[in-house]
Participant: 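One structure coming up, written as structure tokens, with questions to follow.
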Amino acid sequence: MAVRVQCPHCRSVCEVQPQLLGTTVKCGKCTRPFALPAGTSAPRPAAAAPTPAQAVAGAATAAPRAPAAFIPPPSPPGPPAADPGALGSGLWRSLRDLYRSMTTSGAAAAGAPSSRPPTDDSIELELDGPTAVALAAATQTGGKSAAAPPGLSRLDVGSSSSCGMARTRNEDSCLVVQLASSNLDQRRDVALVVLADGMGGYEAGDQASGLAIRLIGSALLGQVAPVLAVHGHEKPPAALADAIATAIRVANRAVHEQGQKPGCKGMGATAAVVVVWEGQVLIGHVGDCRVYHGTGGKLRQVTKDQTLVARMVEMGKLTEEEALTHPHRNEVTQALGRHPDIQPAPYKVEIIPGDWLVVACDGLHAHVDEKLLADTLRNAVPSAAALANQLVELANKRGGSDNCTVVAVRCY
């Protein structure tokens with residue numbers, strides 16, 4: 001007479017011939033193999049009668065039910081046994097197991113058999129979005145993910161700074177922080193860039209830029225730190241743009257107060273604050289530092305110079321060519337420390353793998369125009385540090401009339 005056994009994988013009940021006890025059989029529902037211990041009896045489980053499809057291979061016809069059945073004892077707590085047919089590893093295997101447990105328990109609760117066995121193919125078809133894509137990729141590569149899950153871009157960040165060919169002191173200040181967390185198939189990359197160009201010459205311009213990056217950086221580090229969590233935010237927090245503007249305002253007030261002290265009269269700084277988070281770029285801008293975005297072989301200046309000359313060009317009183325040589329081209333209309341209150345300009349950009357961001361003070365665009373910068377980006381080696389160094393050296397070779405600081409960010 002047939003003996004009823006419970007599959008240790010999907011917990012369905014199968015009927016096997018007594019002579020198969022002590023051998024390995026396949027479950028008729030999930031098709032996964034499991035070993036049958038030699039005959040031991042246990043009370044029959046309260047479960048619906050199995051269908052012929054649930055019978056294991058080798059059971060030609062359904063036999064009369066035995067008054068008692070063998071049920072293997074539950075496995076002790078511990079890691080699951082290795083599964084040769086498992087999809088991928090880590091996160092995706094956990095999702096697969098979770099899906100199977102949900103569908104199995106759901107069908108049992110409804111008292112109806114599953115419409116089809118929970119094979120790997122069914123998981124791939126019934127999960128939506130990035131999970132289905134990743135599971136499909138894992139299936140095609142024999143259980144190993146071919147690439148990182150979509151949307152999780154990586155960043156390469158590099159910086160370079162020089163006092164130039166005409167100055168003896170560098171009044172630029174720059175803070176670059178890159179945070180990354182990686183666990184199995186999950187990765188998070190976030191970059192924070194704060195660039196400040198000191199104003200006032202020997203009247204403590206370097207103090208103004210240094211104070212600015214310290215205050216802005218310390219204010220924003222608490223906003224980007226959650227990326228260190230394995231399950232961190234996939235998108236920037238909603239309040240991050242406001243936090244950038246607030247940090248700039250706090251730094252402005254501190255620089256303004258410091259500028260009232262002896263030896264610091266008239267000091268100030270222009271600034272660009274950039275946060276790159278999962279393809280989203282949030283920018284806060286004051287003065288004439290610039291942020292460029294290179295994508296698809298093209299270059300675009302994201303920020304607008306807050307200068308008198310730029311305003312005259314916008315009003316049609318100057319051409320762009322005339323603005324390049326205008327005697328007041330460096331006169332900014334807004335800067336940190338000039339007034340107690342300030343209104344930073346916000347910008348938002350989206351980047352994809354293959355894109356570049358270039359954050360630079362006016363020492364770069366004084367000698368490297370947009371066309372030359374675009375050509376340099378198109379021919380750049382895939383290294384952010386190499387590009388930053390190349391652009392600073394290019395500015396020095398073409399005159400180097402001012403301090404020059406460049407931060408390059410490569411998305412890949």
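Here the structure is a predicted model, which is why all the values come from computation and not from measurement.
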Participant: Distance from Leu364 atom CG to Leu373 atom CG, nearest 0.5 Å?
Facilitator: 6.0 Å
Participant: Hey, are the side chains of Cys174 and Val407 touching, using non-hydrogen atoms and a 4.5 Å cut-off?
Facilitator: yes
Participant: Specify the closest pair of heavy atoms between Leu336 and Ala212, including all atoms of both residues, with the distance to one decimal.
Facilitator: CD1-CB, 3.7 Å
Participant: To check you understand the geometry: which heavy-atom pair defines the closest contact between Leu215 and Ala254, and what is its length?
Facilitator: CD1-CB, 3.3 Å
Participant: Under a 4.0 Å N-O cut-off, is there an ion pair linking Arg253 with Asp341?
Facilitator: yes
Participant: For residues 391-400, which side-chain donor-acceptor pairs fall under 3.5 Å, sequence neighbours excluded?
Facilitator:
{"from": "Asn396", "atom 1": "ND2", "to": "Ser162", "atom 2": "OG", "distance (Å)": "3.2"}
{"from": "Arg398", "atom 1": "NE", "to": "His367", "atom 2": "O", "distance (Å)": "2.8"}

Participant: Quick one: does Asn403's side chain have a donor or acceptor within less than 3.5 Å of a partner on Gly164's backbone?
Facilitator: no
Participant: Side chains of His293 and Ile351: does their closest heavy-atom pair fall under 4.5 Å?
Facilitator: yes
Participant: With distance as the sole test, does Asn379 use its side chain to make a donor-acceptor pair with the main-chain N or O of Asp375 at under 3.5 Å?
Facilitator: yes
Participant: Check whether any side-chain heavy atom of Val286 sits under 4.5 Å from a side-chain heavy atom of Ile248, and report yes or no.
Facilitator: yes
Participant: With sequence neighbours excluded, tell me which residues meet ring-ring contact (aromatic ring centres under 6.0 Å, His included) with His339.
Facilitator: none
Participant: Which atom pair, heavy atoms only, marks the closest approach of Arg249 to Ile342?
Facilitator: NE-O, 3.4 Å
Participant: Look up atom CG in Leu220 and atom CG in Leu192, then write down how far apart they are to the nearest 0.5 Å.
Facilitator: 5.5 Å
Participant: Quick one: does Asp156's side chain have a donor or acceptor within less than 3.5 Å of a partner on Ala384's backbone?
Facilitator: yes
Participant: Over all heavy atoms of both residues, which pair between Ala408 and Trp356 is shortest? Give the atoms and the distance, please.
Facilitator: CB-CZ3, 4.2 Å
Participant: If you take all heavy atoms of Cys264 and Gln207, which pair is closest and at what distance?
Facilitator: SG-OE1, 3.9 Å
Participant: Looking only at heavy atoms, what is the nearest atom pair of Val157 and Gln178, with distance?
Facilitator: CG2-OE1, 3.7 Å
Participant: Kindly indicate whether the side chain of His326, heavy atoms from C-beta on, has any atom under 4.5 Å from the side chain of Leu318.
Facilitator: yes
Participant: Closer than 3.5 angstrom, by distance alone: can the side chain of Thr333 be matched with the main-chain N or O of Gln306 as a donor-acceptor pair?
Facilitator: yes
Participant: State whether the side chain of Gln260 and the backbone N or O of His256 hold a donor-acceptor pair below 3.5 Å, judged by distance alone.
Facilitator: yes
Participant: I'd like to check Val193 versus Val273 (side-chain heavy atoms, cut-off strictly below 4.5 Å). Are they in contact?
Facilitator: no
Participant: Enter the distance from Asp402:CG to Asp197:CG here, rounded to the nearest 0.5 Å.
Facilitator: 6.0 Å
Participant: Would you give the length of the straight line joining atom CG of Asp355 to atom NZ of Lys298, rounded to the nearest 0.5 angstrom?
Facilitator: 13.0 Å
Participant: Does His365 reach the side chain of Tyr292, with side-chain heavy atoms less than 4.5 Å apart?
Facilitator: yes
Participant: To the nearest 0.5 Å, how far apart are NZ in Lys304 and CD in Gln301?
Facilitator: 10.0 Å
Participant: Can you spot which of Asn389, Asp172, Asn170 makes a side chain to side chain donor-acceptor pair (under 3.5 Å) with Ser161?
Facilitator: Asn170
Participant: Between the main-chain N or O of Gly297 and the side-chain N or O of Arg378, is there a donor-acceptor pair closer than 3.5 Å?
Facilitator: yes
Participant: If only atom types and distance count, is the side chain of Asp362 paired as donor or acceptor with the main-chain N or O of Cys289 below 3.5 Å?
Facilitator: no
Participant: Answer yes if the side chains of Thr307 and Asp288 hold a donor-acceptor pair under 3.5 Å, and no otherwise.
Facilitator: no
Participant: Distance from Arg154 atom CZ to Glu278 atom CD, nearest 0.5 Å?
Facilitator: 11.0 Å
Participant: Identify the residue among Leu282, Leu240, Asp189 that makes a side chain to side chain contact (heavy atoms under 4.5 Å, CB included) with Trp277.
Facilitator: Leu240
